[in-house]
2 protein chains.
Amino acid sequence: MCGQCNYRSLLQAGGLEPTLNRLRVLEVIGSNSSPLSAHDILATVNRTAGINRVTVYRILGLLVSKGLVERLSGGGRSLVYGLAPNEHHPAHPHFHCRSCGALQCLQPGSLKVDLRGIERSFAGEIQGVEVRVDGICRNCLKRA
Amino acid sequence: MCGQCNYRSLLQAGGLEPTLNRLRVLEVIGSNSSPLSAHDILATVNRTAGINRVTVYRILGLLVSKGLVERLSGGGRSLVYGLAPNEHHPAHPHFHCRSCGALQCLQPGSLKVDLRGIERSFAGEIQGVEVRVDGICRNCLKRA
DNA sequence: TGACAAATGCAACTATGTTGCATAATGTCA
DNA sequence: TGACATTATGCAACATAGTTGCATTTGTCA
Ligand SMILES: [Mn+2]
Ligand SMILES: [Mn+2]
Ligand SMILES: [Zn+2]
Ligand SMILES: [Zn+2]
């Protein structure tokens with residue numbers, strides 16, 4: 001979630017024409033409190049203006065390839081999309097509820113990952129680390 | 001990968017009849033050096049004896065629900081399956097190559113995750129943490 | 001053996017994501 | 001501005017991953 005990002009500038013910084021569709025997709029991702037699936041992004045954008053499913057997938061691919069958006073495993077069958085870490089948005093882990101499927105952002109720094117061991121012993125190039133905590137969310141605990 | 005597991009006992013410990021299909025699926029998972037997709041498991045089991053695709057999915061669901069096998073995000077569209085952590089198999093992170101898609105197990109302990117911050121601040125029940133490191137593997141680096 | 005339950009197979013289906021190709025919108029430059 | 005190229009979008013078809021309903025087979029046990 002971000003109140004400080006200028007999405008038009010972000011797109012231009014990534015070398016992408018700031019078309020209306022791209023702006024809408026990026027705004028939906030940026031204004032949501034947790035990462036969204038392509039399906040949810042499509043549905044949300046569609047509430048204000050028509051957009052094709054394939055266009056959404058293509059825009060998501062572009063945004064990820066330019067580093068504006070990160071693509072994560074949602075814990076289920078679909079991938080989810082959130083703003084990529086930047087100066088306003090520190091990287092952070094996510095929590096996936098195995099009961100209701102909800103996904104939430106956890107505090108940046110709430111979970112420390114020490115990469116030094118891998119960086120020493122691993123022969124490839126490390127580009128990112130995804131941490132997903134799984135369990136039962138508070139709401140589902142109450143219901144049970 | 002495991003040379004020490006008695007798969008038949010594992011199944012029985014999980015309250016599952018040790019049918020041939022279940023044994024074969026569990027052996028394929030247990031003898032591979034990295035987690036496998038349902039597609040790969042099906043193909044491997046099929047080399048020695050016929051088995052239906054749906055049966056494989058159902059067995060995988062059972063093995064996961066009984067805690068014998070863990071289901072992970074493979075970094076792409078499909079989920080992958082590996083032996084669940086136990087006394088012979090400490091939990092460990094995985095590496096996903098964005099170029100060739102290969103998945104490898106990393107050393108247990110090569111990447112330390114400190115859960116204490118979350119355990120203090122998070123209201124739900126934490127059941128597991130999945131860590132996936134993404135990047136370019138050694139082979140793909142050489143090729144480039 | 002016969003009754004019952006559990007496991008498997010098969011067809012059809014859903015969900016998610018991709019490709020090829022046509023059209024529409026936009027940018028470039030004379 | 002008008003011609004032309006480039007880029008973005010839409011649409012249909014396809015591909016892949018996973019699920020469901022229901023019939024058949026296999027196993028358990030009295
Ligand atoms: Mn987040
Ligand atoms: Mn592993
Ligand atoms: Zn929940
Ligand atoms: Zn590779």
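Just so it is clear: chains get the letters A, B, ... in the order the sequence lines come, proteins before strands, and each one is counted from 1.
- Counting non-hydrogen atoms under 4.0 angstrom, B/R58 reaches a base of the nucleic acid.
- Atom CD of A/Q12 and atom P of C/dG27 are 11 Å apart (whole Å).
- If you check C/dG17, D/dT19, D/dA12 against the side chain of A/V54, the one that comes closest is D/dA12.
- Regarding contacts with the backbone of D/dC11, a side-chain N or O of A/N52 is found under 4.0 angstrom from either OP1 or OP2.
- Between the P atom of C/dT8 and the CD1 atom of B/I59 lies a distance of 5 Å, rounded to the nearest Å.
- Contact check, B/T55 against C/dG9: a side-chain N or O comes under 4.0 Å of OP1 or OP2.
- Close to D/dT9, at under 4.0 Å from its OP1 or OP2, lies a side-chain N or O of A/T19.
- Atom CZ in B/R71 sits about 12 Å away from atom C1' in D/dT19, given to the nearest Å.
- The shortest distance between the side-chain N/O atoms of A/Y57 and the OP1/OP2 oxygens of C/dT18 is not below 4.0 Å.
- The local environment of CD in A/Q107 is sparse, with at most 12 non-hydrogen atoms from other residues, nucleotides or ligands closer than 6.0 Å.
- A/L23 places its CG atom 14 Å from the C1' atom of D/dA8, with the value rounded to the nearest Å.
- Atom-to-atom, CZ of A/R24 to P of D/dA8 comes out at 16 Å; the value is rounded to the nearest Å.
- The CG atom of A/L62 sits 7 Å away from the P atom of D/dA8 (whole-angstrom rounding).
- Across all strands, B/R53 comes closer than 4.0 Å to base atoms (heavy-atom distances).
- Comparing D/dG10, C/dT8, C/dT16 against the side chain of B/N21 picks out C/dT8 as the nearest.
- Under the 3.5 Å distance criterion, the side-chain polar atoms of A/T55 are left unmatched by any main-chain donor or acceptor of A/I51.
- In this structure, CG of B/L16 is placed 16 Å from C1' of D/dT28, rounded to the nearest angstrom.
- Between the CZ atom of A/R22 and the C1' atom of D/dT7 there is a distance of 8 Å, given to the nearest Å.
- Between A/H94 and A/H96, the gap from one ring centroid to the other reaches at least 6.0 Å.
- Counting heavy atoms from C-beta on, the side chains of A/E70 and A/L83 never come closer than 4.5 Å.
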